[in-house]
Amino acid sequence: MLLVVQVPCLNEEETLPLVLSSIPVSIPGIDEIAVLVIDDGSTDRTIEVARSYGVTQFVRHNRNQGLARSFTDGIDHALAMGADIVVNTDGDNQYPQRRIADLVQPILRGEADIVIADRQVGLIDHFSPSKKALQRLGSQVVNLAARTELPDAASGFRAYSRESLMRLNTVTRFSYCMETIIQAGNKNLAIVSVPVVTNAKTRESRLFCSTRQHVFRSAAAIVRAYVMYRPYVIFGLMALLFGALGLAPYVRYAFLTAVGDGGGHVQSLLAGAALIVMSSLCLMLGIISDLIRTNRALIETNLEHTKRARFDILRVPTAPIDMAGIL
């Protein structure tokens, strides 16, 4: 049983020693623990510091590619190493690496495919009241889209089983956190949460420049992921809304005609016709999007098979073949 702890880094030479020194060296149920450092275009001594702590596995980007790409490339490398479980932490030491043992236990017991650390946002001192409210709101929206009940959907401190990683595919290049939950929820993967207490803040986030940018990008990622798996809900609701608004002027016109005041009101009828056309367009877009969703499901099945053919062969023990017996 191999556990790979991957650490995405961008100029983390000062905080990386705190991370690497606090990663457990042994965990019950785990035979081997390997550390994988993903260097996302660092210009400092991040790699040298990692090597000084005995890290031998690296993924390196010549230029900054973003957190989602770092996560994806790290997962591919970990699977190629033969990882049974992958834990994702961060190079800024915001997460308590000592809790990795607790994070992997639900997977070892066969109770979960994905385990997400609940940072207990309300207890984080350096989060402003508005940021705490936005974090709770974001988690509620993700839970609605994924049909899950996670208290902290934005947490990046997570454990993934090998089986779950075979089925997940990251599309967004901003942050994988929301997208992978929505994917996992719609693929009926078991997701559980483990409460943790985060470490003291070491630096400002480099994932976004402002809270507004973070909100907009996260919202776009949530909507994109939701539309990928349940487009008929979005376009169906829009079709019903525009259809109801479009019928209203005709109902009004019929009522006025019945009471003898049916002359004129052409403008409202034209507005109603335009709304009904928009409703029809939404209905057609919903049908097309659902067909695309079906095609995406087939493509993801092929991707899963490709991953298994690429990575699982590394785990199959080879035995000598008795050619004489075959002949």
Fill in: Linked, directly or transitively: V5 and L20 (ILVMFWY side chains, under 4.5 Å)
yes
Practice prompt. Say whether, by atom type as modelled, one donor and one acceptor occur between the side chain of T170 and the main chain of A68 under 3.5 angstrom.
Written response: no
Worksheet item: Between I23 and I27, is there a shared hydrophobic cluster once you connect ILVMFWY residues whose side-chain heavy atoms come closer than 4.5 Å?
Response: yes
Discussion item. Tell me whether D40 contacts the main-chain N or O of N64 through its side chain, where contact means a donor paired with an acceptor under 3.5 Å.
Written reply: no
Discussion item. If I take atom OG1 from residue T180 and atom NZ from residue K187, how far apart are they, to the nearest 0.5 angstrom?
Written reply: 10.5 Å
Practice prompt. For residues E12 and D92, determine if any side-chain heavy atom of one lies less than 4.5 Å from a side-chain heavy atom of the other.
Written response: yes
Practice prompt. Check step by step if side chain to side chain contact (heavy atoms under 4.5 Å, CB included) holds for R147 and N186.
Written response: CA-CA 8 Å; R147 294 173 289 183; N186 283 279; 3.1 Å; yes
Discussion item. On a heavy-atom basis, which atom in V87 and which in A159 lie closest, and how many Å separate them?
Written reply: CG2-CB, 3.8 Å
Worksheet item: Within a strict 4.5 Å, meaning less than it, do heavy atoms of the I33 and V25 side chains meet?
Response: no
Item to complete: Determine, using the 4.5 Å side-chain heavy-atom cutoff (strictly less than), whether F58 and V86 are members of one ILVMFWY cluster.
Response: no
Practice prompt. Using a 4.5 Å cut-off on heavy atoms from C-beta on, say whether the side chain of N169 contacts that of E300.
Written response: yes
Fill in: Minimum side-chain heavy-atom gap R69-D73 below 4.5 Å
yes
Worksheet entry | Reported CD-to-OG distance for the pair Q120 and S155, which is rounded to 0.5 angstrom | 11.0 Å
Fill in: salt_bridge(D84, R162) N-O dist < 4.0 Å
no
Discussion item. Quick check: closest heavy atoms across R119 and A154, and the distance to 0.1 Å?
Written reply: NH2-CB, 3.8 Å
Worksheet entry | Straight-line distance of Q6 CD to M81 CE, nearest 0.5 Å | 10.0 Å
Worksheet entry | Fellow cluster residues of M284, listed by chain then number, with links counted only when side-chain atoms sit under 4.5 Å apart | V277, L281
Worksheet item: Looking only at heavy atoms, what is the nearest atom pair of I181 and A146, with distance?
Response: O-CB, 3.6 Å
Response to the item:
Closest non-hydrogen atoms of L108 and P28, given as atom of the first, atom of the second and distance, are CD1-O, 3.6 Å
Item to complete: State plainly whether one hydrophobic cluster holds both V35 and V49, where clusters connect Ile, Leu, Val, Met, Phe, Trp and Tyr through side-chain heavy atoms under 4.5 angstrom apart.
Response: yes
Practice prompt. Please check if atom CD in E14 has more than 12 non-hydrogen atoms from other residues, nucleotides or ligands closer than 6.0 Å.
Written response: no
Discussion item. Give me the atom names and distance for the closest heavy-atom approach of N93 to Q97.
Written reply: OD1-NE2, 3.1 Å
Worksheet item: Looking at F235, does the NZ or CZ of R230 lie under 6.0 angstrom from its six-membered ring centre and within 45 degrees of the ring axis?
Response: no
Worksheet item: Looking at side-chain heavy atoms only, is the closest gap between D118 and I116 below 4.5 Å?
Response: no
Worksheet entry | Interatomic spacing from CG in L165 to CD1 in I75 - rounded to 0.5 Å | 4.5 Å
Item to complete: Find out if a path of hydrophobic residues (ILVMFWY) with successive side-chain heavy-atom gaps under 4.5 Å connects I191 to V141.
Response: yes
Worksheet item: Do L16 and V7 have side chains that get closer than 4.5 Å, going by heavy atoms?
Response: yes
Practice prompt. Give a yes or no on this: more than 12 heavy atoms of other residues, nucleotides or ligands lie within 6.0 Å of atom CG of N62.
Written response: no
Worksheet item: Is the shortest heavy-atom distance from the side chain of N88 to the side chain of P8 under 4.5 Å?
Response: yes
Discussion item. Nearest 0.5 Å, please: how far is CG in L18 from CD in Q94?
Written reply: 13.0 Å
Discussion item. When you measure from the side chain of R99 to the backbone of P195, do you find a donor-acceptor pair of N or O atoms at a distance under 3.5 Å?
Written reply: yes
Discussion item. With side chain to side chain contact (heavy atoms under 4.5 Å, CB included) as the criterion, how do L2 and V4 come out once you've worked through the C-alpha distance, each side chain's angles and the decisive distance to 0.1 Å?
Written reply: CA-CA 6 Å; L2 171 62; V4 174; 4.1 Å; yes
Worksheet item: Between Y95 (side chain) and V19 (backbone), is there a donor-acceptor pair under 3.5 Å?
Response: no
Discussion item. Using a strict threshold of under 4.0 Å (side-chain N to carboxylate O), is an ion pair present between R308 and E163?
Written reply: yes
Fill in: Q57 and H77, any side-chain heavy atoms less than 4.5 Å apart
yes
Item to complete: Kindly compute the distance separating CZ (F242) from CG (L240), expressed to the nearest 0.5 Å.
Response: 11.5 Å
Discussion item. Just checking E149: does its CD atom have more than 12 heavy atoms from other residues, nucleotides or ligands closer to it than 6.0 angstrom?
Written reply: no
Discussion item. I need the minimum non-hydrogen distance between S139 and L150, along with the two atoms involved.
Written reply: CB-O, 4.0 Å
Worksheet, complete the sentence: The single option from L168, I107, T148 that satisfies side-chain contact (heavy atoms from CB on, under 4.5 Å) with I114 is L168
Worksheet item: In terms of the angle between their ring planes, are F71 and Y160 parallel, tilted or perpendicular, with boundaries placed at 30° and 60°?
Response: tilted
